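I have placed the structure first, in the form of structure tokens, so that the comments after it can refer back to it.
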Amino acid sequence: MSEVAIRQAIVYAYRSLGIVCEASAAVALAGLMEDKLPVQGRRVVVIVSGGNIESDLLDQLLTGSSPRKHDG
């Protein structure tokens, strides 16, 4: 999964679902959004667990500015 897809999933989760999630929690959602999983015509549940994202990073993602690299 690309970092760009994961960032897009974080933004989607926040704006469309009202969920604050960290990158690792957004991986499955990113896979669905990129059609990487064979789920056409099926009901799907994605568990998004983990909201440990720095507020400045979330702000950068939501405003479209380039996020800086973070350790951890």
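Treat the numbers as computed from the prediction; the structure is a model and nothing was measured. Counting from 1, the numbers follow the sequence of the chain as shown.
Gly31 and Met1 get closest at one heavy-atom pair: CA-CE, 3.5 Å.
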*Any chance you could lay out the side chain to side chain contact (heavy atoms under 4.5 Å, CB included) test for Glu3 and Ile6, step after step, and finish with the verdict?*
CA-CA 5 Å; Glu3 286 188 30; Ile6 294 168; 5.5 Å; no

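Hydrophobic cluster membership is shared by Leu58 and Val11, with clusters built from Ile, Leu, Val, Met, Phe, Trp and Tyr side chains linked at under 4.5 angstrom. A continuous path of hydrophobic side-chain contacts links Val44 to Leu37 [ILVMFWY only; heavy atoms under 4.5 Å]. Leu32 and Val27 are members of different hydrophobic clusters when ILVMFWY side chains are connected at heavy-atom separations under 4.5 Å. A continuous path of hydrophobic side-chain contacts links Tyr12 to Val46 [ILVMFWY only; heavy atoms under 4.5 Å]. Val39 is connected to Met33 through a chain of hydrophobic side-chain contacts under 4.5 Å among Ile, Leu, Val, Met, Phe, Trp and Tyr, so both are in one cluster.
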Ignoring hydrogens and angles, write down the donor-acceptor pairs under 3.5 Å from the side chains of residues 16-25, residues two or more places apart or on other chains.
from	atom 1	to	atom 2	distance (Å)
Glu22	OE1	Asn52	N	2.9
Glu22	OE2	Ser24	OG	2.8

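From Arg15, atom CZ reaches atom CD1 of Ile10 across 12.0 Å, with rounding to the nearest 0.5 Å.
Two residues are said to be in side-chain contact when any heavy atoms from C-beta on lie closer than 4.5 Å; Leu61 and Ile53 meet this criterion.
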